[in-house]
Amino acid sequence: MALDKIGIAKRIAQELQDGWYVNLGIGIPTLVANYVPEGMTVEFQSENGVLGMGPFPFEGEEDADLINAGKQTITVNPGAAFFDSATSFAMIRGQHVQLTVLGAMEVSQHGDIANWKIPGKMVKGMGGAMDLVASAENIIVAMMHSNKAGESKILPACTLPLTGVGCVKKVVTELAVLEIKNGAFHLIERAPGVPVEEIIAKTAGNLVVPEFVPEMVL
Amino acid sequence: MALDKIGIAKRIAQELQDGWYVNLGIGIPTLVANYVPEGMTVEFQSENGVLGMGPFPFEGEEDADLINAGKQTITVNPGAAFFDSATSFAMIRGQHVQLTVLGAMEVSQHGDIANWKIPGKMVKGMGGAMDLVASAENIIVAMMHSNKAGESKILPACTLPLTGVGCVKKVVTELAVLEIKNGAFHLIERAPGVPVEEIIAKTAGNLVVPEFVPEMVL
Amino acid sequence: MNKVVDHVSEALTGIEDGMTIMLGGFGLCGIPENSIKELVKMGTKNLTCISNNAGVDDFGLGLLLQRKQIKKMISSYVGENEEFERQMLSGELEVDLIPQGSLAERCRAGGAGIPAFFTPAGYGTEVAEGKEVRVFNGKPHILESALTADFAIVKAWKGDTEGNLVFKATAMNFNPMMAMAGKITIAEVEELVPAGSLDPNFIHTPGIFVQRIFKGAVFEKRIEQRTVRKRA
Amino acid sequence: MNKVVDHVSEALTGIEDGMTIMLGGFGLCGIPENSIKELVKMGTKNLTCISNNAGVDDFGLGLLLQRKQIKKMISSYVGENEEFERQMLSGELEVDLIPQGSLAERCRAGGAGIPAFFTPAGYGTEVAEGKEVRVFNGKPHILESALTADFAIVKAWKGDTEGNLVFKATAMNFNPMMAMAGKITIAEVEELVPAGSLDPNFIHTPGIFVQRIFKGAVFEKRIEQRTVRKRA
């Protein structure tokens with residue numbers, strides 16, 4: 001069965017390592033923070049200037065001066081730090097953040113990503129995404145395999161304006177975990193009960209399928 | 001009579017303007033802080049990371065963590081701020097400091113300055129001088145007219161390795177105030193009792209002498 | 001030399017039609033809301049505004065957009081503002097969208113006398129169009145230039161009479177770099193204190209970067225996304 | 001993940017002959033004196049040291065110079081150290097002298113993923129030799145590159161178990177930028193406190209830049225120029 005958003009977040013949380021600093025984008029990526037493996041310490045950075053993000057505040061304790069990059073009210077854990085936007089992107093550009101998780105509209109088999117603009121229709125801006133994808137060593141895209149029209153978002157080449165080129169290493173969707181290398185998507189894992197055929201059918205880009213594709217263990 | 005170091009400092013202090021931020025180099029320039037005109041507020045910046053320097057500390061109150069760029073123990077005034085070296089030179093390079101006063105070994109009639117190296121003999125390093133002279137709008141050199149060997153330091157061209165090119169606007173020595181423009185030193189003022197002939201004799205660079213040269217009023 | 005002014009109208013003296021203005025803030029967090037309201041009152045037109053976001057329809061820079069006071073926006077993300085999207089897609093509004101980190105660094109560069117720098121952000125995208133590309137350590141980078149403004153308007157938590165500023169939590173964001181990059185920098189603060197009240201070890205923006213400072217009359221501090229958890 | 005180590009010897013594990021090391025401090029102010037003494041004990045050789053100054057003959061980096069542990073110094077000012085001048089003029093020591101502001105900015109750039117930037121400092125001098133020159137706003141600038149190091153060693157006033165650091169007065173100087181630019185950054189602190197003890201609004205160096213932290217055993221804090229005034 002295809003994963004829900006929480007399932008995708010849980011699977012991505014398995015990629016975390018102790019001591020990592022991690023930047024989570026808006027949407028599904030934000031949920032990853034809820035599933036850090038027991039006994040592991042991971043610090044969450046938000047590019048608007050905070051390290052050490054905690055859970056959402058209790059009702060009535062929201063502080064307008066304390067938000068994340070999604071403009072949501074947040075709290076911080078003991079040992080947090082606030083800093084300006086230049087310092088924040090120094091952390092990102094300088095590769096001090098070990099993992100970035102973000103959403104996308106399209107990903108190509110070369111690791112290109114598009115997630116900020118649909119010409120003539122929608123322009124929200126790239127925010128920090130272009131800095132994040134151009135800088136991070138380790139970028140995981142969290143998204144649905146297909147768009148609302150049912151078209152694959154896992155493509156030979158992006159059709160929308162790019163956010164970055166050759167930067168995405170891994171994609172986790174409701175159906176599969178895909179690794180990108182040598183100009184192809186490599187099917188690493190499939191969602192529990194999802195047949196390989198379904199993934200093949202819904203993937204427009206070049207897909208390398210090994211003989212045995214293990215199911216995710218969530 | 002030729003000025004002493006204090007006289008040079010007093011004359012330079014007349015160049016200050018209310019509200020200015022000023023960087024004073026080691027030696028004579030440091031003395032300028034003692035002669036800020038009454039009723040005027042001037043903030044002194046030191047490139048090792050302090051704004052709002054005050055007088056030297058009372059004996060026994062020295063703090064090893066609080067020094068100026070000359071490595072001297074200092075104090076700060078109310079409203080001071082400490083910052084890192086990158087921010088300090090952001091202030092300097094970004095032209096937020098309105099006046100820089102520094103010493104020199106040689107100054108040329110084109111505004112070039114040399115003050116950091118004598119090849120094969122002495123190399124102390126440029127410290128912050130190269131950033132200061134390349135950045136400041138307003139640079140005054142405080143120095144003796146001649147070196148210890150009696151040779152003029154006011155030259156057609158510098159002979160020593162340069163610290164900066166075309167940057168010095170004014171030179172104040174024990175004998176005169178010289179303005180640099182159009183490839184020449186312009187004699188603006190002479191020290192009280194110093195004859196114009198002496199200044200001409202001791203100036204190796206192109207010197208423009210107006211008909212009347214007023215005496216400094218200290 | 002007195003940097004303190006009593007009223008926002010005095011603080012904003014000299015802002016004229018056609019000028020370039022930087023405004024601190026991220027979303028509605030840490031924006032100079034008193035100054036923005038005053039700009040509405042002043043009716044200044046044809047402004048080029050440099051700000052990470054463009055407010056929402058009825059708050060922040062959205063107020064200036066509604067009144068068509070802005071000719072051009074230089075921002076990184078404008079997704080919260082429908083009027084913005086409408087003006088942009090219809091061509092009424094010029095827009096220069098910049099990666100957020102490049103925007104922050106370009107403001108800092110403007111304030112720090114660094115005319116240009118290389119960054120990997122935006123390589124291979126339309127942001128790189130017309131920009132020099134150079135490879136460092138095997139990785140392509142693009143050359144980005146400094147940003148400065150006629151006026152920078154920032155919002156701080158506390159400020160002293162010397163112009164020293166401290167910010168609270170994530171309301172800091174772009175404010176410190178923009179304070180550096182304004183030819184004239186105006187700070188609106190929640191608390192204005194005498195020189196010497198702030199610990200000199202913990203000043204976020206040294207007073208040298210601030211030319212005018214005033215205590216804002218009202219801080220509404222609107223929240224965009226109120227997210228909370230239930231008490232156990 | 002524990003960043004705290006008990007002893008300087010543990011903190012410096014992995015520093016080997018031939019490595020490049022950044023050391024914070026301005027003169028003898030804010031230098032990691034415990035780590036420097038440990039490097040003497042370790043006897044590590046052929047080091048490239050990036051530090052604004054080179055200490056004095058019998059303190060700070062002067063201790064490493066005396067023992068010829070340093071192959072190359074990258075500094076801005078070395079006027080206080082006779083042994084340094086002797087080794088440099090005799091050719092025993094390689095020296096790269098850099099304008100102080102460029103040194104600071106190059107370290108920051110190294111930490112911030114900016115491979116190169118333009119600065120006016122040093123144009124027309126021997127510092128500019130072999131460097132690209134470009135004119136911006138009518139003024140010539142030179143292209144300077146980022147500096148990084150195998151290890152950065154910084155000294156802070158207080159640090160917490162997350163690696164967050166605060167500095168005191170002018171002992172801050174180069175420490176924050178160097179903390180950013182080390183592949184591994186080691187902080188020696190006067191006070192080591194639990195996470196949560198430092199106000200998150202006033203952290204100078206966020207812990208993300210620090211990999212190891214320890215409480216220095218002794219801080220001698222030698223003063224180079226003791227200048228005082230008499231009491232009235």
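First the proteins, then the strands, lettered A, B, ... as listed; each starts at 1. These values consider heavy atoms only, across backbone and side chains, with no hydrogens, waters or symmetry-generated copies.
Options A:T87, A:V50, A:D63 differ in how many heavy-atom pairs under 4.5 Å they form with chain C, and the most are formed by A:D63. Chosen from A:A69, A:P161, A:S46, A:G164, the residue pairing most often with chain C at heavy-atom distances under 4.5 Å is A:A69. With respect to chain A, the highest number of heavy-atom pairs below 4.5 Å among C:S75, C:P140, C:A171 belongs to C:A171. Contact tally against chain A (heavy-atom pairs below 4.5 Å) for C:H204, C:K139, C:R106: the top residue is C:K139. Contact count versus chain A (heavy atoms, under 4.5 Å) is highest, among C:A121, C:A104, C:S76, C:G30, for C:S76.
Between the CD1 atom in A:I92 and the CD atom in C:Q100 there is a gap of 8.0 Å [rounded to 0.5 Å].
Nearest heavy-atom pair across C:M172 and A:F83 is SD-C, 3.5 Å. Here the closest heavy-atom approach between residue C:E105 and residue A:A86 is recorded as OE1-CB, 4.2 Å. Counting all heavy atoms, side chain and backbone alike, C:P120 lies closest to A:S135 at CG-OG, 4.2 Å.
In the displayed structure, C:E92 atom CD is contacted under 6.0 Å by more than 12 heavy atoms of other residues, nucleotides or ligands. Counting heavy atoms of neighbouring residues, nucleotides and ligands inside a 6.0 Å radius, atom NZ of A:K10 does not exceed 12 of them. For C:Y123, the OH atom sits in a loose shell: 12 or fewer heavy atoms of surrounding residues, nucleotides or ligands are nearer than 6.0 Å. Within a 6.0 Å radius of CD in C:E220, other residues, nucleotides and ligands contribute more than 12 heavy atoms. Shown here is A:K5, whose NZ atom has no more than 12 heavy atoms of other residues, nucleotides or ligands within 6.0 Å.
Interface with chain A: from residues 173-181 of chain C, residues C:N173, C:F174, C:P176, C:M177 qualify, criterion being any non-hydrogen pair under 4.5 Å. Contacts from residues 103-131 of chain A to chain C, taken as heavy-atom pairs separated by less than 4.5 Å, involve A:W116, A:K117, A:G120, A:K121, A:M122, A:V123, A:K124, A:G125, A:M126, A:G127, A:G128, A:M130, A:D131 in sequence order.
Proximity to chain A (any heavy atom under 4.5 Å) is shown, for C:L28, by neither the backbone nor the side chain. The contact between C:K230 and chain A is made by backbone and side chain atoms together, counting heavy-atom distances below 4.5 Å. Contact annotation for A:A90: neither backbone nor side-chain heavy atoms come within less than 4.5 Å of a heavy atom of chain C. With a 4.5 angstrom heavy-atom cutoff, C:E190 touches chain A only via side-chain atoms. Residue C:N53 touches chain A through its side chain alone, counting heavy-atom pairs closer than 4.5 Å. A:T163 touches chain C through its backbone: at least one of N, CA, C or O sits under 4.5 Å from a heavy atom, while the side chain does not. Residue A:L66 touches chain C through both its backbone and its side chain, counting heavy-atom pairs closer than 4.5 Å. Both the backbone and the side chain of A:F56 come within contact range of chain C, judged by heavy atoms closer than 4.5 Å.
Side chains of C:Y77 and A:K71 form a contact here, defined as non-hydrogen atoms less than 4.5 Å apart. Counting heavy atoms from C-beta on, the side chains of A:I67 and C:F26 come closer than 4.5 Å.
Looking at A:N48, A:D84, A:V76 one by one, the single match for side chain to side chain contact (heavy atoms under 4.5 Å, CB included) with C:T170 turns out to be A:N48. Among C:R226, C:R229, C:R222, C:K221, the single residue meeting the salt bridge (Lys or Arg N to Asp or Glu O under 4.0 Å) criterion with A:E62 is C:R226.
Ion pair C:R231/A:E61 flagged as a salt bridge, since at least one NZ, NE, NH1 or NH2 atom sits closer than 4.0 Å to an Asp/Glu carboxylate oxygen.
In terms of modelled atom types and a separation under 3.5 Å, the side chain of A:R93 and the main chain of C:G101 share a donor-acceptor contact.
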